[in-house]
Number of protein chains: 4
Amino acid sequence: MRKKLTSEKINELLETGIDAFAQRGLDRANINAIARDSGVSVGVIYKYFTDKDGFFLACLRHALEVLKGEIDAALSAEGSLMTRVEHLLRAIGRCAREHPSYNVMYNEITAGASSAYARQLAGEIEGISARAYTAVIEEAKARGEIHSDVDAPMLAFFFDNLLLLLQFSYSCDYYRSRFGEYCGAAAADDEYVVRQLMTFIQSAFGR
Amino acid sequence: MRKKLTSEKINELLETGIDAFAQRGLDRANINAIARDSGVSVGVIYKYFTDKDGFFLACLRHALEVLKGEIDAALSAEGSLMTRVEHLLRAIGRCAREHPSYNVMYNEITAGASSAYARQLAGEIEGISARAYTAVIEEAKARGEIHSDVDAPMLAFFFDNLLLLLQFSYSCDYYRSRFGEYCGAAAADDEYVVRQLMTFIQSAFGR
Amino acid sequence: MRKKLTSEKINELLETGIDAFAQRGLDRANINAIARDSGVSVGVIYKYFTDKDGFFLACLRHALEVLKGEIDAALSAEGSLMTRVEHLLRAIGRCAREHPSYNVMYNEITAGASSAYARQLAGEIEGISARAYTAVIEEAKARGEIHSDVDAPMLAFFFDNLLLLLQFSYSCDYYRSRFGEYCGAAAADDEYVVRQLMTFIQSAFGR
Amino acid sequence: MRKKLTSEKINELLETGIDAFAQRGLDRANINAIARDSGVSVGVIYKYFTDKDGFFLACLRHALEVLKGEIDAALSAEGSLMTRVEHLLRAIGRCAREHPSYNVMYNEITAGASSAYARQLAGEIEGISARAYTAVIEEAKARGEIHSDVDAPMLAFFFDNLLLLLQFSYSCDYYRSRFGEYCGAAAADDEYVVRQLMTFIQSAFGR
DNA sequence: GATGAATGAGCGTTCATTCAT
DNA sequence: AATGAATGAACGCTCATTCAT
């Protein structure tokens with residue numbers, strides 16, 4: 001073959017990597033297998049990425065870019081606080097359906113093997129949402145949509161905790177089973193879940 | 001040596017395993033090193049546990065037993081819903097301080113490598129909390145502490161999501177950094193965090 | 001098998017290693033092949049030696065110990081300077097016949113791949129001969145067997161140069177061919193070579 | 001670029017190759033790095049040389065041509081045997097200073113990896129010196145400068161052994177350290193070494 | 001002819017697992 | 001029963017070589 005790699009090929013490689021890492025984890029995923037399944041040679045992985053960790057990180061960033069893009073779009077929609085929350089929840093559902101592996105990779109970095117990069121990644125990944133959510137909440141406070149004596153960053157944190165676990169509960173095996181343990185069949189009724197979580201958040205945000 | 005293994009020795013082995021798995025993850029932890037550090041031979045690990053995965057699972061269950069014990073104790077205290085919630089939050093803080101590795105292992109099973117056991121473990125681990133929280137909420141509904149038209153299991157689920165991420169945010173590198181990104185120094189003020197989360201949950205539970 | 005390795009087995013391993021390194025060089029020798037050919041698993045190589053380099057060094061030291069042992073024996077014989085020289089030359093011939101690979105390994109460390117250890121190894125290996133030869137020459141000077149105004153260490157150096165290249169000329173492919181280019185069939189006549197070199201050295205040592 | 005390769009460029013390539021092979025050895029030197037450092041593509045190396053070994057051999061011949069040129073010049077000078085020897089020794093010193101890598105490559109072929117070409121190379125490289133030295137010695141014999149009953153080729157061999165190890169002792173890490181072990185600071189005093197070796201050879205050549 | 005990105009065989013090393021003692 | 005040395009499959013990574021441009 002020996003044809004120059006198109007950027008689509010690199011994208012395919014990242015997608016294959018994401019699937020492999022999501023299914024088997026950073027350590028159990030096999031670089032040689034990923035290369036074979038992507039139809040490229042191992043060599044190109046080591047040409048484009050420093051090592052397995054570097055490739056994993058690239059896959060991760062690729063996944064998170066898409067994820068965060070959807071979130072941003074939802075957040076910057078017009079409307080009241082709760083309208084935007086609704087958009088957010090629906091975006092989360094959509095992402096989980098369209099890119100099941102992305103959320104799994106996201107969850108992966110919170111665990112063991114990637115903890116060497118924990119601090120840096122958290123800054124990179126969470127910083128933006130943290131500031132965005134906090135800003136939206138401050139804004140809502142200013143508009144009187146929520147209590148004025150609330151701690152905005154912490155409210156944002158609790159709020160994102162709910163979203164994050166919803167994401168994971170849609171996509172990660174363990175969290176999905178856990179969701180089922182709690183809610184049974186209702187867990188599968190996306191619309192119902194959104195309504196219930198909306199109510200929960202609405203109340204939590206107070207008047 | 002060649003002395004029969006005391007159950008004490010087995011406990012020490014599990015503790016060493018938990019620390020190793022928490023620090024390095026299921027795949028990177030080294031069975032031979034764990035044996036050495038516990039002062040036993042690799043042989044006994046393979047006598048008492050089927051394989052590395054089996055040993056990991058045993059470590060996990062050991063950790064979760066302690067964790068769930070604390071939770072149960074807090075939950076079965078006397079008092080109003082919010083009093084029990086407060087006990088719960090404080091128990092979570094205490095566990096995070098006393099057994100930092102336990103929560104990390106808990107988070108570990110939600111990720112990649114252990115997903116083969118996801119369903120089974122989720123049932124084992126989450127089922128009890130799911131039923132306990134749901135029962136407490138139903139009870140609170142009956143007492144009028146929370147709205148009567150609320151979906152108890154789903155409320156329990158959202159509630160546990162908040163608790164779970166608090167646990168992880170106290171103990172797991174990534175989640176701790178994320179907590180810092182959101183809340184800065186306030187993240188380290190346990191008392192303040194408890195108060196804020198109490199308020200959040202109180203509101204979410206509605207009148 | 002799984003039987004504990006006897007020290008003979010380790011010796012066999014070293015011998016196999018020496019042959020492999022002598023035939024193919026440090027880099028081209030294959031650790032897995034060496035293990036297979038010795039009837040042990042790769043694992044034991046990495047249990048007894050830190051890495052390929054460490055194993056190579058162990059092989060080297062094993063070879064040189066034997067070599068230096070023979071030299072020492074010859075040197076500590078009774079008799080005049082030239083008698084001892086004769087013993088030395090015959091010992092060199094014997095070693096070359098009995099352990100053809102040992103000299104090749106010795107030559108190996110003077111080249112490329114092992115140059116990282118050059119200084120240390122030179123001290124370890126040459127220091128003893130350097131002192132021994134110099135002492136013998138000083139002694140001969142004192143006895144009036146050689147000129148009194150000669151620089152003993154440098155004479156020892158030139159002398160050892162002649163011995164070293166004789167060693168290599170008996171055992172290393174290139175040096176052997178070179179020997180043939182110079183001396184034709186005479187190169188194969190050990191006795192004749194010894195006599196000629198004795199004469200050469202005798203003259204060089206002066207009256 | 002895509003300009004035809006000048007012979008100048010090829011020379012630069014060979015020089016870079018020589019440095020790389022001298023520093024890292026045949027196996028550890030990296031063809032791609034050599035190409036990069038010479039400002040040519042890997043492709044041209046494989047156009048002008050059959051493979052890595054072939055390129056190594058070309059580098060070697062390039063180095064030896066220069067080396068042998070200097071030797072020949074010294075040897076064909078006017079004067080007595082010992083005058084020519086002195087020229088030779090000084091030429092060796094000069095080469096070691098001007099082309100440190102050349103001697104290292106020379107030593108490289110005597111070791112492991114290139115032994116496949118040992119015989120052929122030895123003929124190519126040593127044959128000429130062998131005949132030249134032997135001729136000079138025969139001549140000196142005829143002129144009565146050395147004993148008439150000496151074996152000229154063997155004397156030439158011993159003589160070249162001394163020169164060869166002097167070359168290597170000036171340029172190769174291991175041999176240089178060995179030189180130091182024998183002679184300490186005196187090893188660095190070129191003039192002194194030449195004088196001592198002259199005396200040694202003079203005596204060895206006999207009356 | 002020159003280029004240099006792509007290829008993939010090959011090897012050093014690790015470590016879960018076994019089993020003779 | 002407990003031991004721990006031995007095993008060897010498996011995998012990350014390198015780099016000599018090729019060939020489409």
Side-chain angles (χ1 to χ4, degrees), chain A residues 1-6 9 27-36 39-55, chain B residues 1-5 9 26-36 39-56, chain C residues 1-6 9 26-36 39-56, chain D residues 1-5 9 26-36 39-56:
Chain A
M1 214 163 284
R2 215 148 308 239
K3 281 235 297 296
K4 193 167 179 180
L5 252 61
T6 57
K9 202 72 190 157
D27 288 306
R28 292 184 184 190
N30 178 322
I31 284 285
N32 290 280
I34 291 171
R36 186 175 10 80
V40 300
S41 66
V42 236
V44 327
I45 298 189
Y46 287 89
K47 181 172 197 316
Y48 287 86
F49 311 96
T50 51
D51 55 12
K52 196 190 195 188
D53 276 22
F55 178 57
Chain B
M1 224 162 278
R2 213 157 294 247
K3 285 226 301 290
K4 190 167 180 182
L5 250 59
K9 205 68 194 158
L26 168 50
D27 288 304
R28 293 184 184 191
N30 181 324
I31 285 283
N32 291 278
I34 291 170
R36 185 181 9 82
V40 301
S41 66
V42 243
V44 328
I45 297 188
Y46 283 87
K47 177 162 199 327
Y48 286 81
F49 312 96
T50 51
D51 56 11
K52 196 188 193 186
D53 277 20
F55 177 57
F56 174 81
Chain C
M1 216 162 284
R2 216 150 307 239
K3 280 233 297 297
K4 194 169 178 181
L5 252 63
T6 56
K9 203 72 192 158
L26 168 49
D27 288 304
R28 292 184 184 191
N30 179 321
I31 285 284
N32 289 276
I34 291 171
R36 187 175 9 80
V40 301
S41 67
V42 240
V44 326
I45 297 190
Y46 286 88
K47 181 172 193 314
Y48 288 85
F49 311 96
T50 50
D51 55 10
K52 197 191 195 187
D53 275 22
F55 178 57
F56 174 80
Chain D
M1 223 163 278
R2 213 155 294 248
K3 284 229 300 292
K4 190 167 182 182
L5 249 58
K9 206 67 193 158
L26 167 50
D27 289 304
R28 294 184 183 191
N30 181 323
I31 284 284
N32 291 276
I34 291 171
R36 185 181 9 82
V40 303
S41 67
V42 244
V44 328
I45 297 189
Y46 283 87
K47 177 159 199 329
Y48 285 83
F49 313 96
T50 50
D51 55 12
K52 197 191 193 186
D53 276 20
F55 178 57
F56 175 81

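Proteins get letters first, then strands, A, B, ... in listed order; numbering begins at 1 in each.
- In this structure, A:Tyr48 reaches the sugar-phosphate backbone alone: every heavy-atom distance under 4.0 Å involves primed, P, OP1 or OP2 atoms, never a base.
- Scanning all heavy atoms of the two residues, the minimum distance from C:Tyr46 to C:Asp51 falls at CE2-CA, 3.8 Å.
- The interatomic distance linking A:Asp27 (CG) with F:dC11 (P) rounds to 12 Å, in whole Å.
- Across the protein-nucleic acid pair, C:Arg36 atom CZ and F:dA6 atom C1' stand 18 Å apart, rounded to whole Å.
- Sequence order on DNA chain E of the closest nucleotides to C:Thr50 and A:Ser41 puts A:Ser41 first from the 5' end.
- The shortest heavy-atom contact between B:Ala35 and B:Ile45 is CB-CD1, 4.0 Å.
- C:Ile45 has its CD1 atom 18 Å from the P atom of E:dC15, to the nearest Å.
- Residue contacts shown for C:Phe55 are absent, as no nucleic acid heavy atom lies under 4.0 Å away.
- Here the shortest heavy-atom pairing between C:Val44 and C:Val40 reads CG2-CG2, 3.8 Å.
- At the phosphate of F:dC11, neither OP1 nor OP2 sits under 4.0 Å from any side-chain N or O atom of A:Lys52.
- Separating the CG atom of D:Asp51 from the C1' atom of F:dT17 is a distance of 9 Å, rounded to the nearest angstrom.
- Place D:Gly43 and B:Asn32 on DNA chain E by their nearest nucleotides, and D:Gly43 ends up nearer the 5' end.
- Across all strands, C:Ala33 comes closer than 4.0 Å to no nucleic acid atom at all (heavy-atom distances).
- For C:Asp53 and E:dT13, the CG to C1' distance is 13 Å, given to the nearest whole Å.
- When each of B:Val42 and A:Ile31 is assigned the nucleotide of DNA chain F with its nearest heavy atom, B:Val42 is the one assigned upstream, toward the 5' end.
- Atom pair D:Phe56:CZ and F:dC15:P shows a separation of 17 Å (rounding to whole Å applied).
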inquiry  = If a pair means Watson-Crick or G-U wobble with both distances below 3.5 Å, what does DNA chain F look like in dot-bracket form, with | marking bases paired to a different strand?
reply    = .||||||||||||||||||||

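- Taking every side-chain heavy atom of C:Val44 into account, F:dT7 is the closest of F:dT7, F:dA5, F:dT3.
- One finds the CD1 atom of C:Ile31 at 11.0 Å from the CZ atom of C:Phe56 (value rounded to the nearest 0.5 Å).
- Separation of atoms NZ (B:Lys47) and OG (B:Ser41) is listed at 11.0 Å; rounding is to 0.5 Å.
- Taking only side-chain nitrogens and oxygens, C:Tyr46 never comes nearer than 4.0 Å to OP1 or OP2 of E:dT14.
- As a whole-Å value, the separation of D:Leu26 CG from F:dA16 C1' is 12 Å.
- Among residues two or more places apart in sequence or in another chain, the ring pair (Phe, Tyr, Trp, His ring centres under 6.0 Å) test is passed with B:Phe49 by B:Phe55.
- Evaluation of the salt bridge (Lys or Arg N to Asp or Glu O under 4.0 Å) rule for A:Lys9 yields A:Glu12 as partners, not counting sequence neighbours.
- If you check every strand for non-hydrogen atoms under 4.0 Å, C:Asn30 touches sugar and phosphate atoms only.
- One interatomic measurement links the two molecules: CZ of A:Arg28 to C1' of F:dG12, which rounds to 17 Å at whole-angstrom precision.
- Side-chain contact check for D:Lys52 versus D:Ile34: every heavy-atom pair is 4.5 Å or farther apart.
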